[in-house]
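A quick write-up on the structure given underneath.
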Amino acid sequence: MRAAADVDAEIYLGDEEGDNEDEESESNGGQPWKGRLETVVEEEEEEDIISTQSDTRPLLNERDPRQINECLKVSFEDVIAEPTAVRSGDRVWLWSHALFEVSRVWSYRIITALLAAPVSIIAGILFAVLSFLHIWLLSPCIKAILVNTGWLETLWHSILDIFILPFFYSAAKCYGGVGVRLTQE
């Protein structure tokens with residue numbers, strides 16, 4: 001979001017009071033407000049390049065900004081590793097590596113092209129339904145229960161204050177004088 005800046009702009013409304021109307025009109029093409037605002041906008045655009053881009057542009061480069069799928073960063077060496085005692089030929093290793101990467105990338109691209117849109121629609125509908133249920137059913141039901149069971153909270157606090165709290169106070173006074181001293185011989 002672009003920060004709001006205090007900008008002094010003079011707008012010519014066609015009043016007859018201005019002394020320098022002709023000078024401003026000639027220098028800005030008949031629009032006295034245009035020169036000042038354009039320079040301010042250009043300065044803001046130069047300072048804040050990200051705000052001039054669309055909201056989706058940064059997402060195209062950074063597709064996992066919260067590192068949700070960190071565990072899926074798998075390379076060939078993470079899956080297949082030959083110990084020094086048992087080795088295949090160098091060309092077999094290079095071709096295996098190349099085929100692994102190509103098949104992984106292209107299989108993912110094909111599956112994504114076929115299933116990304118339907119899965120996105122299903123996930124969107126699922127989260128919309130879950131949000132609806134939480135907002136319109138679960139939260140009101142919990143609130144209704146809490147309102148109608150307020151007396152239970154008062155009763156529970158009374159039981160704690162009458163029976164349990166004195167017991168722990170007396171236990172604390174009994175054991176408060178106990179001291180432990182560690183000595184090393």
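The figures here come from the full heavy-atom set of this structure, side chains too, leaving out hydrogens, waters and symmetry mates.
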Show me the pairs that pass salt bridge (Lys or Arg N to Asp or Glu O under 4.0 Å) and involve residues 120-130, at least two apart or across chains. none
Among all residues two or more places apart in sequence or in another chain, which pass the ring-ring contact (aromatic ring centres under 6.0 Å, His included) test with Phe100? Phe76
List the atom pairs, donor and acceptor, that lie under 3.5 Å between side-chain atoms in residues 107-126 and the rest of the protein, sequence neighbours left out.
unit_1	atom_1	unit_2	atom_2	d
Ser107	OG	Ser103	O	2.6
Thr112	OG1	Tyr108	O	2.6
Ser120	OG	Ala116	O	2.7

Could you measure the distance from the OG atom of Ser131 to the CG atom of Leu138? Nearest 0.5 Å is fine. 11.5 Å
Give a yes or no on whether Ile135 and Val129 share a hydrophobic cluster (residues Ile, Leu, Val, Met, Phe, Trp, Tyr; joining criterion: side-chain heavy atoms under 4.5 Å apart). yes
Under the side chain to side chain contact (heavy atoms under 4.5 Å, CB included) test, residues paired with Leu146 that sit two or more places apart: Ile142
In the hydrophobic clustering (ILVMFWY, side-chain contacts below 4.5 Å, transitive), which residues join Trp95, or is it alone? none
Return all side-chain donor-acceptor pairs below 3.5 angstrom for residues 157-175, not counting sequence neighbours, or 'none' if the list is empty.
unit_1	atom_1	unit_2	atom_2	d
Ser158	OG	Thr154	O	3.0
Ser170	OG	Pro166	O	3.2
Ser170	OG	Phe167	O	2.8

Holding to side chain to side chain contact (heavy atoms under 4.5 Å, CB included), I want the full list of residues that pass it with Ile145, two or more places apart in sequence or in another chain. Thr149
Heavy-atom closest contact (Cys71 atom, Val74 atom, distance): O-CG2, 4.0 Å
Quick test of your reading: applying salt bridge (Lys or Arg N to Asp or Glu O under 4.0 Å), list the pairs with at least one residue in residues 72-100, sequence neighbours left out, ordered by first then second residue. Glu70-Lys73
Tell me, which pairs form a salt bridge (Lys or Arg N to Asp or Glu O under 4.0 Å) where one or both residues lie in residues 93-106, sequence neighbours left out? Glu101-Arg104
Cluster companions of Val86 among Ile, Leu, Val, Met, Phe, Trp, Tyr (side-chain spacing under 4.5 Å): none
Just wondering, more than 12 heavy atoms not from His97 lying within 6.0 Å of its NE2? yes
